[in-house]
Trainee: 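Okay, here's the structure, questions in a sec.
Values below: every heavy atom of this structure, side chains too, minus hydrogens, waters and symmetry copies.
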Amino acid sequence: MTATVEVSAREAEVLALVGEHLSNAEIGARLFISVRTVESHVSSLLRKLGMPDRRALAQRASELGRAGRSHPAPVLPTPLTSFVGRARERAELAELVKTHRQVTAVGPGGVGKTRLALTLAAEAAGEYADGVWFVDLVPVTDPGASVVAAAVAGALGLGEQPGAAIDESVVAALADRHALLVLDNCEQVRDGVAPFVERLLAACPRVTVLATSRARLMVPFERVYPVPPLSLAGDGESDAVALFLERAAAVGRPPDPALRDHIASVCARLDGVALAIELAAARWSTLGLDGLAAGLSDQLRMLAGGSRADDRHRSVRAALDWSHDLLEPADRALLRRVSVFVAPFTVAAAAEVAGSEAGVVADGLARLAEQSLLVVTASLGGTEYRALETIRQYGTERLTEAGELDDARTRHLRWCLAEAAGLAVVRVDWRARFDAVADDLRAALAWAADRPEQRADAYRLARRLAELTFTRNLIGESQARFAQAAALADDPADTASMLRQAASVAGCRMRGDDMYRFHRAAADAARRAGDTAGAAADLATAATNAYRFWSKFARLTPEAEAVALIVEARELAGDDPAARAALALAEAGVLTDAFGAAQGPPDNAVPETIARAERAVELAHRTGDPLAESAALDALTGARSWAGDAFAAAATARRRITLLSSAPHTPASTHELIDALGMATEAGLGAGDLPGARRWARRLADHPLLAEVGHRATSWLLVADALPGNVDEVLTGSVRFLEAWQRAGSPARSVLGPAVAGVAMIHGLRDDHDARREWDAVLGQLGAPPEHVYGYGAVFDAMLMLHHGEAGEASERLAPEPGDVWKWVTWIWLHWYVALRAEASVLAGSPDAGDRLAEARTVVAGNPVAAAIVERAGALLDDDRERLLATAAAFDASGCRYQAARTLVLAGGDHAVRGAAALADLGLAPMAPR
């Protein structure tokens with residue numbers, strides 16, 4: 001830092017993480033502070049360091065980071081044993097990694113691929129400005145590219161982003177990084193790794209990928225490096241011998257150096273495979289060379305030419321068979337039975353799956369760990385065991401041979417069901433408890449889902465996992481698990497229920513098309529179950545959502561298609577209260593466009609819209625379902641806005657929040673609450689309740705489900721800060737917005753338009769022309785719907801024009817009569833439009849200024865901000881300074897600091913000096929003279 005800039009210790013921490021291109025949510029998680037606190041620190045740093053935007057701040061942080069340290073510490077697991085030999089292989093692999101962007105180290109299991117890759121990565125860390133990252137793919141059981149991407153995202157510390165695929169998030173995070181990514185154990189998910197790596201390399205030009213696998217990935221630009229066995233030549237001085245000696249010494253009795261040649265012979269019979277050598281060395285102290293030689297000879301003969309052994313696995317399996325045969329029968333049984341665990345497990349878990357007493361199992365696990373067949377980890381939370389992947393696979397084969405696979409898998413499945421049930425209650429340690437068993441839940445479900453006899457338990461586990469992953473905010477997986485549960489359900493009524501849940505999760509993910517598809521599928525399932533009323537409700541809901549959540553759809557549902565769903569729902573609804581309520585809501589939303597959908601009619605019969613919406617609310621209230629009533633109230637909010645009653649619309653929107661406050665936490669209630677918070681924010685802005693609107697918007701931006709979706713989470717918060725002129729808050733929030741929008745692939749969503757236009761206006765008020773052009777370009781990418789021209793576009797443009805003294809231009813911009821463009825200036829923008837229109841006409845000296853003032857007073861009565869703007873315009877017209885200054889106090893009381901400062905400038909004299917100072921404190925440029 002320069003000597004003239006004082007940056008706090010916490011700000012320095014935030015700055016360093018900004019330099020690592022972390023989002024505000026990620027910084028908050030790293031430093032255990034709220035996103036709001038991070039935003040405050042970023043805003044302060046922008047101001048202190050004189051940076052125009054977050055991009056420049058990140059560049060400055062990177063420069064300071066390079067000056068203070070050479071490179072970030074490598075993010076690699078710490079081996080518990082030393083790395084021995086392989087000087088030639090290290091040099092060869094290092095040269096390949098320097099000259100090729102994707103290198104795959106291939107070889108048989110146990111040959112030492114992982115240790116070689118880890119050593120190379122640690123040595124090469126200094127050559128990568130953004131460090132090295134290690135991703136263990138062993139727990140990944142699904143070969144899909146998205147699951148592989150999720151594992152990489154977890155290693156990078158990235159969260160899921162509703163509305164964007166997880167692989168898109170990873171690519172965006174690494175797009176400008178100079179880093180080495182180590183993907184370990186790719187063989188079982190090669191079909192998922194290959195497309196992921198190909199896309200990553202194409203989009204991230206400074207990222208290098210080092211993979212370990214038993215087979216090449218078959219992707220463009222791949223350079224394959226076959227990892228050889230440890231060297232055997234050298235008359236007892238080989239790498240293989242050195243490894244044996246090192247590991248044998250670690251168990252307590254180092255071999256006599258005179259035995260080197262004999263040891264070399266043992267290593268040769270083990271084919272130089274590192275894992276086999278280590279297992280043999282672990283038995284040195286009890287068996288000696290004679291015992292090792294005898295055991296290995298028996299095992300090699302047994303496996304030679306066997307139908308289960310291929311050339312790649314022969315030596316590793318020989319070592320494992322030998323080790324296995326030295327075990328007591330009870331320990332052999334325990335080893336094969338615990339092989340069903342994918343993640344670390346406890347004694348209690350092992351006892352349940354092994355079908356034995358905990359004390360007996362504890363002794364057996366200890367013996368297996370002593371013989372290097374299990375890795376043991378002791379912590380304050382307890383002791384856990386884990387089988388290396390090669391040994392776990394070996395144990396599974398033995399389990400099959402013993403005819404115990406189905407029994408062990410069934411016990412494991414039941415254990416998983418019990419663990420999942422125990423996670424139903426969310427406690428302080430819930431996240432850690434879920435993460436500890438999640439991979440086992442997934443593995444058990446993958447096994448059970450393919451077995452007809454396990455279908456009922458598979459359904460139960462899929463349903464539980466769907467609920468748990470939703471709580472864990474893994475909503476992409478949650479949607480998939482609910483869909484999987486629907487496919488596994490024997491009862492079509494359960495299928496319908498699961499599909500409805502999947503639809504709600506899809507809504508939380510901003511995936512309208514999925515939501516629509518699931519509800520239609522739920523209707524089909526309900527019909528199969530004989531539930532015609534339920535089918536009617538699903539069809540009506542699909543039609544409603546096509547209009548209500550149109551901004552979440554990639555394909556807008558045509559009006560004729562939505563109407564056809566309503567017609568079909570009418571035929572099925574009968575007298576069922578829930579179905580009739582859902583149908584009434586669909587009719588209000590589709591037939592009279594209560595939600596203002598993009599595919600809606602250009603005009604509304606407002607009285608009919610209100611009547612239909614009120615009927616929907618009445619029927620929904622009779623059902624006693626708060627979610628149904630909230631949805632109907634949403635339609636009534638829109639209908640009242642079409643009528644120009646901003647205050648009734650705002651009150652209705654707030655009523656939804658109250659109604660949902662006691663609803664159970666489910667995907668459906670969460671989706672409804674997220675929408676309700678957004679609507680309460682919008683309605684508050686329309687009624688001039690700026691503090692209230694900002695509270696709702698802040699709550700929406702801080703919602704954990706939206707923590708990584710800044711472009712949707714913060715969009716209305718940006719509007720709520722732009723209208724009153726909260727400059728620092730807009731600058732800070734816009735950084736999160738832009739980062740998340742770009743990370744999501746820069747979607748062309750017109751619903752984001754008000755936020756982007758608000759940010760552009762703030763930069764215009766600051767006279768930051770470059771930044772304004774950048775945000776105008778973003779606005780252009782979103783598209784320019786009619787509401788931009790007559791609604792928020794006109795309001796933000798007029799505010800900027802008036803600031804720059806361009807009253808005539810502002811009056812022209814607001815020339816259309818509100819009644820001529822009513823559908824685009826109602827809702828939020830009506831009061832702002834007519835108030836600014838009146839002020840522009842006064843300042844421009846328009847002959848109809850008095851008429852516009854009179855009209856505006858009637859429209860905005862009760863809106864504290866809009867009414868103050870109109871009153872200020874009247875005072876200016878009458879040249880009444882006392883009235884003019886009174887409006888400054890009104891603006892202050894309404895939380896509108898910019899308009900208060902502007903009023904002082906318009907008052908002239910000493911007041912203008914104070915007003916100019918207030919504008920400067922806000923970070924805004926001086927106003928043009930009146």
Trainee: Please enumerate all residues that pass side chain to side chain donor-acceptor pair (under 3.5 Å) together with Asp435, with sequence neighbours excluded.
Mentor: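 With neighbours one apart ignored, the set is Arg472.
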Trainee: Kindly indicate whether the side chain of Val132, heavy atoms from C-beta on, has any atom under 4.5 Å from the side chain of Leu181.
Mentor: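 No, every pair of side-chain atoms sits at 4.5 Å or beyond.
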Trainee: Taking the side chain as every heavy atom from C-beta outward, state whether Val340 and Thr396 have any atom pair closer than 4.5 Å.
Mentor: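 Val340 does not reach Thr396 side chain to side chain.
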Trainee: Applying ring-ring contact (aromatic ring centres under 6.0 Å, His included), can you list everything that pairs with Tyr385, at least two apart in sequence or on another chain?
Mentor: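 Per chain and number, Tyr385 pairs via ring-ring contact (aromatic ring centres under 6.0 Å, His included) with no residue.
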Trainee: Once you round to the nearest 0.5 Å, how far does CG of Leu335 lie from CZ of Arg332?
Mentor: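 Between atom CG of Leu335 and atom CZ of Arg332 there are 10.5 Å.
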Trainee: Do the side chains of Trp133 and Val152 get nearer than 4.5 Å, heavy atoms only?
Mentor: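 A side-chain contact under 4.5 Å is absent here.
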Trainee: Could you give the distance from SG (Cys186) to CG (Leu183), rounded to the nearest 0.5 Å?
Mentor: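 So the SG of Cys186 and the CG of Leu183 are separated by 5.0 Å.
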Trainee: Around atom CZ of Arg451, are there more than 12 heavy atoms from other residues, nucleotides or ligands closer than 6.0 Å?
Mentor: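 Atom CZ in Arg451 is crowded, with more than 12 foreign heavy atoms closer than 6.0 Å.
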Trainee: Is there any side chain to side chain donor-acceptor pair (under 3.5 Å) pair reaching into residues 343-364, and which pairs are they, with sequence neighbours excluded?
Mentor: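 Those involving residues 343-364 do not exist here.
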Trainee: Quick check against the 3.5 Å criterion: does Asp239 have a side-chain atom that pairs as donor or acceptor with the backbone of Arg86?
Mentor: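 The answer is yes, because a donor-acceptor pair under 3.5 Å joins these two groups.
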Trainee: Once rounded to the nearest 0.5 Å, what's the spacing between atom CD of Gln102 and atom CZ of Phe221?
Mentor: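 So the CD of Gln102 and the CZ of Phe221 are separated by 10.5 Å.
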Trainee: Mind listing the closest non-hydrogen atom pair of Ser339 and Gly395 along with its distance?
Mentor: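 Distance-wise, the nearest heavy atoms are OG-C, 3.3 Å.
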Trainee: Please name the pair of heavy atoms, one in Thr212 and one in Asn185, separated by the smallest distance, quoted to 0.1 Å.
Mentor: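 Between these two residues, the closest heavy atoms are OG1-N, 2.9 Å.
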Trainee: For Val342, does its backbone N or O pair with a side-chain atom of Arg392 as donor and acceptor, under 3.5 Å?
Mentor: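 No, the answer is negative, given that no donor and acceptor are paired below the 3.5 Å cut-off.
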Trainee: Would you mind reporting whether Leu93 and Val103 have side-chain heavy atoms less than 4.5 Å apart?
Mentor: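 Counting from C-beta outward, Val103 and Leu93 do come under 4.5 Å.
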Trainee: What side chain to side chain donor-acceptor pair (under 3.5 Å) pairs are there with at least one residue in residues 219-230, not counting sequence neighbours?
Mentor: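 Side chain to side chain donor-acceptor pair (under 3.5 Å) check on residues 219-230 returns Glu92-Tyr225, His100-Arg223, Thr104-Glu222, Arg216-Glu222.
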Trainee: Do Glu328 and Arg367 meet the salt-bridge criterion of a basic N to acidic O distance under 4.0 Å?
Mentor: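 No, Arg367 and Glu328 are not salt-bridged.
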Trainee: I want to check something: taking the side chain as every heavy atom from C-beta on, are Cys267 and Leu230 in contact at a cut-off of under 4.5 Å?
Mentor: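 They are not in side-chain contact.
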Trainee: Determine, step by step, whether Leu137 and Val193 satisfy the side-chain contact (heavy atoms from CB on, under 4.5 Å) criterion, reporting the C-alpha distance in whole Å, the side-chain angles of both residues, the deciding distance to 0.1 Å, and the verdict.
Mentor: CA-CA 10 Å; Leu137 296 176; Val193 171; 3.7 Å; yes
Trainee: Tell me, which pairs form a salt bridge (charged side-chain N to carboxylate O under 4.0 Å, His left out) where one or both residues lie in residues 334-351, sequence neighbours left out?
Mentor: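 Sorted result for residues 334-351: Arg336-Glu404, Arg337-Glu404.
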Trainee: If you look at every heavy atom in Ala358 and Val347, which pair is closest and at what distance?
Mentor: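 Where Ala358 meets Val347 most closely, the heavy atoms are O-CG1, 3.6 Å.
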Trainee: Taking the side chain as C-beta and beyond, is there a heavy-atom pair between Thr377 and Arg386 under 4.5 Å?
Mentor: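 With C-beta onward as the side chain, the pair stays apart.
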Trainee: Nearest 0.5 Å, please: how far is CG in Asp406 from CZ in Arg411?
Mentor: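 Arg411 CZ to Asp406 CG: 11.0 Å, rounded to 0.5 Å.
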Trainee: How long is the span from the CG atom in Asp136 to the CZ atom in Phe134, to the nearest 0.5 Å?
Mentor: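 Atom-to-atom, Asp136:CG and Phe134:CZ are 5.0 Å apart.
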Trainee: Start with the C-alpha gap between Leu465 and Phe434, add the side-chain angles, then the distance that decides, and say whether side-chain contact (heavy atoms from CB on, under 4.5 Å) holds.
Mentor: CA-CA 10 Å; Leu465 191 53; Phe434 170 80; 4.2 Å; yes
Trainee: Could you pull out all residues at least two apart from Thr410 that satisfy side chain to side chain donor-acceptor pair (under 3.5 Å)?
Mentor: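 Gln454.
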Trainee: So which atom in Gly85 and which in Arg90 form the shortest heavy-atom distance, rounded to 0.1 Å?
Mentor: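 So the minimum-distance heavy-atom pair works out to O-NH1, 3.3 Å.
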Trainee: Kindly give the heavy-atom pair with the smallest separation between Ser238 and Ser231, and that separation in Å.
Mentor: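 Shortest heavy-atom separation between Ser238 and Ser231 comes out as CB-O, 3.0 Å.
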Trainee: Side-chain contact, heavy-atom cut-off 4.5 Å: Leu441 with Leu445?
Mentor: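 SC-SC contact between Leu441 and Leu445 ruled out.
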Trainee: Below 6.0 angstrom between ring centroids: does that apply to Phe345 and Trp415?
Mentor: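 No, the ring of Phe345 stays outside the 6.0 Å limit from the ring of Trp415, centre to centre.
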Trainee: How many angstroms lie between SG in Cys204 and CG in Asp176, if you round to the nearest 0.5 Å?
Mentor: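 Here the rounded value is 8.5 Å.
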Trainee: Hey, are the side chains of Val353 and Val338 touching, using non-hydrogen atoms and a 4.5 Å cut-off?
Mentor: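 No, every pair of side-chain atoms sits at 4.5 Å or beyond.
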Trainee: Look only at the side chain of Arg481 and the backbone of Leu461, and say whether a donor-acceptor pair between them is shorter than 3.5 Å.
Mentor: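 Flag not set: sc Arg481 to bb Leu461 has no pair under 3.5 Å.
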Trainee: Where does the angle between the aromatic ring planes of Tyr128 and His178 fall among parallel (under 30°), tilted (30 to 60°) and perpendicular (over 60°)?
Mentor: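 Geometry flag for His178 against Tyr128: tilted rings.
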Trainee: Of all heavy-atom pairs between Glu89 and Pro229, which one has the smallest distance, and what is that distance?
Mentor: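 What the structure gives for the nearest pair is OE2-O, 4.2 Å.
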Trainee: Decide, yes or no, whether a salt bridge links Asp439 with Arg442 under the criterion of side-chain N to carboxylate O below 4.0 Å.
Mentor: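 Salt bridge between Asp439 and Arg442, a charged N being under 4.0 Å from a carboxylate O: yes.
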